[in-house]
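What follows is a short report on a single structure.
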Amino acid sequence: MKIALIGYGKMGKAIESVALTRNHTVVLKITADNLQELTIQNLQLADVAIEFSQPDAAYGNVMKCFGAGIPVVCGTTGWNKLADDAKKICREKNQTFFLAPNFSIGVNIFFALSEQMAKLASRFPQYDHISIKEIHHTQKKDAPSGTAVSLANDMVKNISRLKTWKSYEGEQAHDDASSLPVYSYRTGEVAGIHEVNYSSEDDFITLKHEAKGRSGFAKGAVTAAEWVQGKKGVFDMKDLLEL
Ligand SMILES: NC(=O)c1ccc[n+]([C@@H]2O[C@H](COP(=O)([O-])OP(=O)(O)OC[C@H]3O[C@@H](n4cnc5c(N)ncnc54)[C@H](OP(=O)(O)O)[C@@H]3O)[C@@H](O)[C@H]2O)c1
């Protein structure tokens, strides 16, 4: 498979390593310094684009891939509202768009466990202190993380006493029982830690996922690029993993 890497930072480089070990070739690498090379002609040299750039660039980059008629696998987080527009445009133009806030298989198992836990907690109001905590490296541009936003949306959907979620930088007082606090921490070189915490008068229940590095995200993105070949439409990790 010939791959165009749109965004060649920490993730782009990790994806390239995985792609090369699977005998794929990288035909285009885009950073902020060579944006003029992100043309329809250059994109059409690739079978698939993998887009891990930054929140304000993702929409335009995905549109360019649709223009070139090549499938795009996108991991950039923090552009949720425009991502919904991109999904709509993908369907209208009969293009291929695979979007995931987290490509790690472990995190997607964690999403499924969290959904189960939320459904159970909805039946047990004694778990009256529920929260999400996420920790990432200091260069991360968005907070809360895309993964935490997915967890939060799903918990609000499944726990009837929660109406919304609220984002905080670090630990802060939160006394509104109808909203779910999401605490974000930025420190060191942490690849990604997510916790969902349930507390009652009697006990704590915690689900936790900790990435050991970026390889899990990179393997998932390359697997998605392989899987999406020959498909049309909008996909995510639930489709790939049949969760
Ligand atoms: N879905 C997942 O599983 C997952 C996992 C990890 C991270 N992420 C997300 O992936 C994104 C990238 O993360 P990262 O850690 O690789 O960030 P990073 O190290 O900052 O890399 C970003 C790359 O994008 C380039 N870039 C900047 N503007 C661009 C534009 N307009 N078009 C194309 N490329 C552009 C940067 O170029 P310069 O270096 O020249 O500025 C750099 O090469 C973030 O949104 C992050 O949250 C997702």
Side-chain angles (χ1 to χ4, degrees), residues 3-19 26 28-40 42-43 46 49-68 70 72-83 86 97-111 134-151 167 182 184-194 209-225 227-228 235-241:
I3 302 175
L5 290 176
I6 308 180
Y8 187 62
K10 292 181 282 301
M11 279 307 302
K13 288 177 182 125
I15 289 164
E16 179 181 42
S17 314
V18 172
V26 174
L28 186 66
K29 296 175 195 175
I30 299 294
T31 69
D33 293 333
N34 68 342
L35 290 178
Q36 72 285 356
E37 290 180 31
L38 187 57
T39 61
I40 301 266
N42 281 341
L43 283 170
I50 305 185
E51 207 278 355
F52 279 69
S53 65
Q54 56 184 47
D56 59 1
Y59 181 81
N61 292 339
V62 167
M63 290 302 128
K64 280 200 178 129
C65 297
F66 293 168
I70 60 164
V72 54
V73 171
C74 178
T76 302
T77 54
W79 62 295
N80 301 333
K81 219 179 156 295
L82 277 177
F97 181 32
F98 191 119
L99 178 69
N102 200 307
F103 278 92
S104 127
I105 290 177
V107 161
N108 285 279
I109 293 171
F110 179 71
F111 282 151
E134 59 101 346
I135 312 174
H136 282 88
H137 55 88
T138 49
Q139 302 102 57
K140 186 164 176 61
K141 293 201 167 72
D142 53 324
S145 66
T147 304
V149 170
S150 285
L151 287 166
S167 166
V182 181
S184 297
Y185 298 80
R186 297 290 172 261
T187 179
E189 290 298 318
V190 179
I193 298 176
H194 292 89
H209 179 274
E210 178 167 358
K212 291 185 178 177
R214 293 187 173 83
S215 58
F217 311 132
K219 286 177 192 164
V222 175
T223 303
W227 180 88
V228 92
F235 304 100
D236 62 22
M237 288 300 276
K238 278 192 174 163
D239 302 308
L240 191 156
L241 300 174

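Every number for a ligand or one of its atoms is a count from 1 in the order of the listing.
Remark: H209 engages no residue in a ring-ring contact (aromatic ring centres under 6.0 Å, His included) (not counting sequence neighbours). The ring-ring contact (aromatic ring centres under 6.0 Å, His included) search around F103 returns F52, F98, not counting sequence neighbours. Looking at residues two or more places apart in sequence or on another chain, you find no ring-ring contact (aromatic ring centres under 6.0 Å, His included) involving F110.
Of the possible donor and acceptor atoms, one in the side chain of N34 sits under 3.5 Å from a partner among the backbone N and O of K29.
Taking the six-membered ring for Trp and thresholds of 30 and 60 degrees, F97 and F66 have ring planes more than 60 degrees apart, a perpendicular arrangement.
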Distance dump, ligand 1 polar atoms to protein, N/O, under 3.5 Å:
residue	atom	partner	partner atom	Å
ligand 1	1 (N)	G75	O	3.1
ligand 1	1 (N)	A100	O	3.1
ligand 1	1 (N)	P101	O	3.1
ligand 1	3 (O)	F103	N	2.9
ligand 1	16 (O)	K10	N	3.3
ligand 1	16 (O)	M11	N	2.8
ligand 1	19 (O)	K10	N	2.9
ligand 1	19 (O)	K10	NZ	2.9
ligand 1	32 (N)	N61	ND2	3.2
ligand 1	37 (O)	A32	N	3.0
ligand 1	40 (O)	A32	N	3.2
ligand 1	43 (O)	Y8	N	3.1
ligand 1	43 (O)	Y8	O	3.4
ligand 1	43 (O)	G9	N	3.1
ligand 1	45 (O)	T77	N	3.2
ligand 1	47 (O)	T77	OG1	2.7
ligand 1	47 (O)	K140	NZ	2.9

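Shown are I50, I15, L5; of these, the side chain to side chain contact (heavy atoms under 4.5 Å, CB included) with V26 is made only by L5.
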